[in-house]
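Below is one structure, written out as structure tokens, with a few remarks after it.
These values consider heavy atoms only, across backbone and side chains, with no hydrogens, waters or symmetry-generated copies. Source: prediction; values computed, not measured.
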Amino acid sequence: MTREELIEEAFKAMENSYAPYSNFHVGAAVLTKDGKVFWGANIENASFGATNCGERSAIFAAYSNGYRKETIEALAIVSDGDRIAAPCGICRQVLSELITGDTPIYLSNRKDEMDTCMNELLPYQFTTEDVCR
């Protein structure tokens with residue numbers, strides 16, 4: 001699957017977003033090395049702490065189906081905002097543990113695109129090595 005196709009998958013996932021409070025819709029698509037794609041969308045809740053972001057929804061779906069960081073090929077995250085939406089702090093922390101530091105991450109909002117990875121998004125990551133001594 002090409003980069004552009006994975007981004008389109010994320011835009012399809014964004015159609016499932018539930019964002020009645022922020023009206024900010026996010027979709028994500030995780031591509032595994034065997035070619036499977038897992039979608040995620042942001043799902044808001046009146047108790048804002050219970051809200052789940054699109055990229056976490058997608059990576060949790062992949063993990064729930066038995067995939068792990070070594071089997072993740074790429075991640076696309078898209079939004080309908082005026083600016084490209086990079087992962088929030090919580091998502092950066094979660095992704096830093098669940099994908100490799102150099103896994104490609106494609107960001108898009110249909111107007112602009114950016115390619116990055118966890119090593120760029122979250123340098124000096126807090127990892128299992130910090131808590132498991």
Side-chain angles (χ1 to χ4, degrees):
M1 173 172 288
T2 67
R3 175 187 176 282
E4 291 77 19
E5 290 170 330
L6 187 60
I7 289 171
E8 282 307 310
E9 289 292 315
F11 276 112
K12 289 178 192 174
M14 187 175 74
E15 295 174 16
N16 296 323
S17 171
Y18 176 74
Y21 307 104
S22 70
N23 201 33
F24 185 78
H25 303 93
V26 176
V30 171
L31 174 65
T32 62
K33 291 186 177 179
D34 64 0
K36 291 196 171 130
V37 175
F38 293 92
W39 285 4
N42 61 317
I43 308 297
E44 294 181 347
N45 188 279
S47 172
F48 293 126
T51 294
N52 202 41
C53 298
E55 51 270 56
R56 280 187 287 142
S57 295
I59 198 69
F60 291 163
Y63 267 69
S64 293
N65 281 276
Y67 291 88
R68 296 297 180 260
K69 69 169 60 179
E70 301 80 19
T71 61
I72 305 296
E73 181 76 23
L75 169 64
I77 305 166
V78 302
S79 72
D80 61 0
D82 292 332
R83 300 182 322 159
I84 292 174
C88 72
I90 292 172
C91 287
R92 289 178 196 217
Q93 179 58 42
V94 168
L95 292 172
S96 75
E97 186 167 332
L98 301 182
I99 65 175
T100 64
D102 60 350
T103 297
I105 300 174
Y106 311 129
L107 307 174
S108 178
N109 67 349
R110 293 245 188 244
K111 295 184 290 185
D112 297 305
E113 294 183 348
M114 182 177 118
D115 294 353
T116 189
C117 64
M118 282 315 305
N119 288 338
E120 292 176 359
L121 286 173
L122 188 61
Y124 311 108
Q125 299 167 20
F126 185 80
T127 69
T128 56
E129 293 174 7
D130 296 304
V131 294
C132 299
R133 300 186 215 182

Do any N or O atoms from the side chain of [X] and from the backbone of [Y] form a donor-acceptor pair under 3.5 angstrom?
X: Asn42; Y: Ala19; value: no
X: Ser79; Y: Asn109; value: no
X: Thr32; Y: Thr71; value: no

Checklist outcome for this item: Joining Ile, Leu, Val, Met, Phe, Trp and Tyr whenever any side-chain heavy atoms lie under 4.5 Å apart, the cluster holding Tyr18 also takes in Ile43

Item to check | ILVMFWY clustering at 4.5 Å (side-chain atoms), partners of Tyr21 | outcome: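 Traced through the cluster, Tyr21 reaches Phe48.
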
Can you tell me which residue pairs pass the salt bridge (Lys or Arg N to Asp or Glu O under 4.0 Å) test with a partner in [range], sequence neighbours excluded?
range: residues 31-52; result: none
range: residues 58-73; result: none
range: residues 11-26; result: Glu9-Lys12

Item to check | Shared hydrophobic cluster, Leu98 / Phe38 (ILVMFWY, side-chain heavy atoms < 4.5 Å) | outcome: yes

Checklist entry - Are Val26 and Phe60 connected in a single hydrophobic cluster, I mean Ile/Leu/Val/Met/Phe/Trp/Tyr linked by side-chain heavy atoms less than 4.5 Å apart? => result yes

side-chain contact (heavy atoms from CB on, under 4.5 Å) involving [X] - partner list, sequence neighbours excluded:
X: Ala13; answer: Trp39
X: Ser64; answer: none
X: Arg92; answer: Ala86, Pro87, Met118, Leu121, Leu122
X: Arg110; answer: Glu8, Phe11

Checklist entry - Taking C-beta and beyond as the side chain, do Gln125 and Asn119 meet within less than 4.5 Å on heavy atoms? => result yes

If every non-hydrogen atom of [X] is compared with every non-hydrogen atom of [Y], which pair is closest and at what distance?
X: Ile7; Y: Ser108; answer: CG2-CB, 4.0 Å
X: Ala85; Y: Phe24; answer: CB-CZ, 3.7 Å
X: Cys88; Y: Cys53; answer: SG-SG, 3.9 Å
X: Asp80; Y: His25; answer: OD2-ND1, 2.7 Å
X: Gly54; Y: Ala28; answer: O-CB, 3.5 Å

Item to check | Any residue meeting salt bridge (charged side-chain N to carboxylate O under 4.0 Å, His left out) with Asp115, in chain and number order, not counting sequence neighbours | outcome: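 Salt bridge (charged side-chain N to carboxylate O under 4.0 Å, His left out) list for Asp115, sorted by chain: Arg3.
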
Checklist entry - Residues two or more places apart in sequence or in another chain: which of them pass salt bridge (charged side-chain N to carboxylate O under 4.0 Å, His left out) with Asp82? => result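 Residues passing salt bridge (charged side-chain N to carboxylate O under 4.0 Å, His left out) with Asp82: Lys111.
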
Checklist entry - Partners of Tyr124 by ring pair (Phe, Tyr, Trp, His ring centres under 6.0 Å), sequence neighbours excluded? => result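 Result, ring pair (Phe, Tyr, Trp, His ring centres under 6.0 Å) vs Tyr124: none returned.
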
Could you measure the distance from the [atom1] atom of [X] to the [atom2] atom of [Y]? Nearest 0.5 Å is fine.
X: Leu107; Y: Glu55; atom1: CG; atom2: CD; result: 9.0 Å
X: Ile72; Y: Ile99; atom1: CD1; atom2: CD1; result: 8.0 Å
X: Leu31; Y: Met1; atom1: CG; atom2: CE; result: 6.0 Å
X: Leu75; Y: Ile59; atom1: CG; atom2: CD1; result: 6.5 Å
X: Leu95; Y: Ile77; atom1: CG; atom2: CD1; result: 6.0 Å

Item to check | Working for side-chain contact (heavy atoms from CB on, under 4.5 Å), residues Arg56 and Ile90 | outcome: CA-CA 9 Å; Arg56 280 187 287 142; Ile90 292 172; 3.8 Å; yes

